[in-house]
Amino acid sequence: MCAQRDNSSQDGAKAEAQMQWEARPCGAEGVHGPIPESPEWFREARRVRFDDHAPWIPTSMLLGSISGREVLEIGVGIGCDHYRLAQQGNTMTGLDLSREHLRLTTLHLQHEGLATTAVHGDAENMPFPDNSFDVVYSCGVLHHTPDLEKALSECSRVLRPGGQFICAVYHRNSICFGLGTMLKNGILKAGFIRHGWARTLAKIEHGAGTDAVPLVRVYSRGQLNSAVGRWFKVESLHATHVGSHRLEVIAKKLGISRTRLERAFGWAGWYLVLHGRKRS
């Protein structure tokens, strides 16, 4: 049955994404110890995300620089970034294909005395009026959407004039993609032959490739800049997140900090982070 499913159509891609993250909420897999869904569990999730997994997020994604705004986050996971933004005094709205993500994010904020408006839907067809938000934020989500241009058009539509757009997507010219996905999984393990392109890329997501095949796309700087530039004035675009476990292990043994590692190899990082403004 699984072999007959694919993510080639827009509806199929969205169904696979729902299957993936309803079963394995993004951000929950690395949390161990506290009782699931307790305040301590969510706090540990934030520690894992911002201290261990991706310490670049608060700075690169401007989590501490946005305050007093109406913010839409596309793809909320279990609400770690959402919490940081709500903590800054922003009025939050979360949009996600996964009802489980929305439930967990709402609970996460409630535990901390904060609130959000949780909306079930997708980035290509947003149920919001024009000019609804000051900021649209999306970290590690838009590379799963079938029609990136439609999603970007919607992001522009719901932003107010001069509104801020912040996103991070997978980087095609990264160490992680080149060595991990293409060379190791695709060629040396014959993934492209045994599973095909879509399933091999889907394995990037934890647990994918067996019971779910979420759509995964990767973008070069030029591709992302070109796509976004139609709707937004691009203010900055950079790569970050080395994303190579082997490289991180070697660096640790040599006494090289994560910060120094990012400075040296961040140009080939796993994420492209873009900041833009809605065009007039």
Side-chain angles (χ1 to χ4, degrees), residues 21 25-28 37 39 41-43 45-47 49-50 54 56-142 144-145 150-169 228 231-236 273-280:
W21 285 290
C26 186
E37 301 186 25
W41 187 78
F42 285 111
R43 288 167 193 157
R46 297 199 301 267
R47 188 200 66 76
R49 181 167 177 80
F50 300 128
W56 53 270
I57 286 178
T59 301
S60 288
M61 298 298 289
L62 306 180
L63 291 182
S65 303
I66 301 166
S67 62
R69 316 289 289 283
E70 291 193 50
V71 179
L72 168 67
E73 182 179 7
I74 299 171
V76 295
I78 62 173
C80 294
D81 297 14
H82 214 71
Y83 162 79
R84 283 286 187 97
L85 288 163
Q87 192 183 36
Q88 291 287 119
N90 296 297
T91 301
M92 300 302 300
T93 299
L95 179 72
D96 206 298
L97 272 171
S98 167
R99 294 185 187 278
E100 185 67 358
H101 277 172
L102 295 169
R103 182 186 73 80
L104 288 169
T105 293
T106 299
L107 179 60
H108 188 161
L109 267 63
Q110 286 176 345
H111 279 318
E112 303 293 352
L114 299 168
T116 185
T117 300
V119 179
H120 183 247
D122 70 83
E124 296 175 18
N125 301 281
M126 296 193 204
F128 308 117
D130 297 356
N131 307 317
S132 294
F133 302 100
D134 301 307
V135 180
V136 171
Y137 175 99
S138 184
C139 185
V141 175
L142 292 179
H144 297 302
T145 193
K150 180 71 183 301
L152 292 171
S153 172
E154 281 289 272
C155 289
S156 176
R157 180 184 66 78
V158 302
L159 270 174
R160 296 183 176 120
Q164 195 170 10
F165 177 63
I166 304 166
C167 78
V169 298
V228 171
W231 309 104
F232 302 95
K233 179 181 179 182
V234 177
E235 296 182 329
S236 68
V273 176
L274 183 143
H275 303 159
R277 294 277 177 180
K278 179 177 177 177
R279 293 189 180 277
S280 301

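Heavy-atom basis, side chains included; hydrogens, waters and symmetry copies ignored.
Counting only distance, with no hydrogens or angles, the side chain of H111 and the backbone of F42 share no donor-acceptor pair below 3.5 Å. A donor-acceptor contact shorter than 3.5 Å is absent between the side chain of K278 and the backbone of G162. Checked by atom type and distance alone, the side chain of T105 pairs as donor or acceptor with a backbone atom of G77 at under 3.5 Å. With R157 contributing its side chain and M126 its backbone, the two residues share a donor-acceptor pair below 3.5 Å. Judged by distance alone, the side chain of Q88 and the main-chain N or O of G64 form a donor-acceptor pair under 3.5 Å. A donor-acceptor contact shorter than 3.5 Å is absent between the side chain of N90 and the backbone of V71.
Two rings, from F128 and F133, have their centers less than 6.0 Å apart.
I74 contributes atom CD1, which lies 9.5 Å from atom CG of D122 (distance to the nearest 0.5 angstrom). One finds the OG1 atom of T117 at 10.0 Å from the CE atom of M92 (value rounded to the nearest 0.5 Å). Here CZ of R103 is found 13.0 Å from CZ of R99. Values are rounded to the nearest 0.5 Å. Distance CG/L72 to CG/D134: 11.0 Å, rounded to 0.5 Å. Here the OG-CD1 distance, from S65 to I166, works out to 8.5 Å after rounding to the nearest 0.5 Å.
Two residues are said to be in side-chain contact when any heavy atoms from C-beta on lie closer than 4.5 Å; W41 and P39 fail this criterion. The shortest distance between side-chain heavy atoms of S156 and L159 does not fall below 4.5 Å. L85 places a side-chain heavy atom less than 4.5 Å from the side chain of I66. Residues L95 and P127 are in side-chain contact: their nearest non-hydrogen atoms beyond the backbone lie under 4.5 Å apart. Looking at R49 and D81, their side chains come closer than 4.5 Å, going by heavy atoms from C-beta outward. The side-chain heavy atoms of C26 and I78, taken from C-beta on, include no pair separated by under 4.5 Å. Side-chain contact between K233 and H275 is absent, with no heavy atoms from C-beta onward closer than 4.5 Å.
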* To do: Let me see the working for E235 and R277 under side-chain contact (heavy atoms from CB on, under 4.5 Å), right down to the final yes or no.
  => CA-CA 7 Å; E235 296 182 329; R277 294 277 177 180; 2.9 Å; yes

Q) Can you check side-chain contact (heavy atoms from CB on, under 4.5 Å) on F165 and L274, steps first, answer last? A) CA-CA 8 Å; F165 177 63; L274 183 143; 4.0 Å; yes

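Closest non-hydrogen pair, C167 versus M61, comes out as C-CE, 4.0 Å. Nearest heavy-atom pair, G27 versus A45, reported as atom, atom and distance to 0.1 Å: O-CB, 4.2 Å. Between V76 and D96, the shortest heavy-atom contact is N-OD2, 2.8 Å. The heavy-atom pair separating L109 from A115 by the smallest distance is CD2-O, 3.5 Å. Contact record, I57 with Y137: CG2-OH, 4.0 Å, taken as the closest heavy-atom pair. Taking every heavy atom of both residues into account, V136 and C155 meet most closely at CG1-SG, 3.9 Å.
Note on R160 versus D130: no salt bridge recorded, every NZ/NE/NH1/NH2 to OD/OE distance being 4.0 Å or above. Taking a cutoff of 4.0 Å between a charged side-chain nitrogen and a carboxylate oxygen, R84 and E73 do not qualify as a salt bridge.
Taking the six-membered ring for Trp and thresholds of 30 and 60 degrees, W21 and H144 have ring planes inclined between 30 and 60 degrees apart.
The side chain to side chain donor-acceptor pair (under 3.5 Å) test with T116 is passed by exactly one of H82, Q110, H108: H82.
Between the side chains of S132 and E70, no donor-acceptor pair is found at a separation under 3.5 Å.
Environment of CZ in R47: crowded, with over 12 heavy atoms of neighbouring residues, nucleotides or ligands closer than 6.0 Å.
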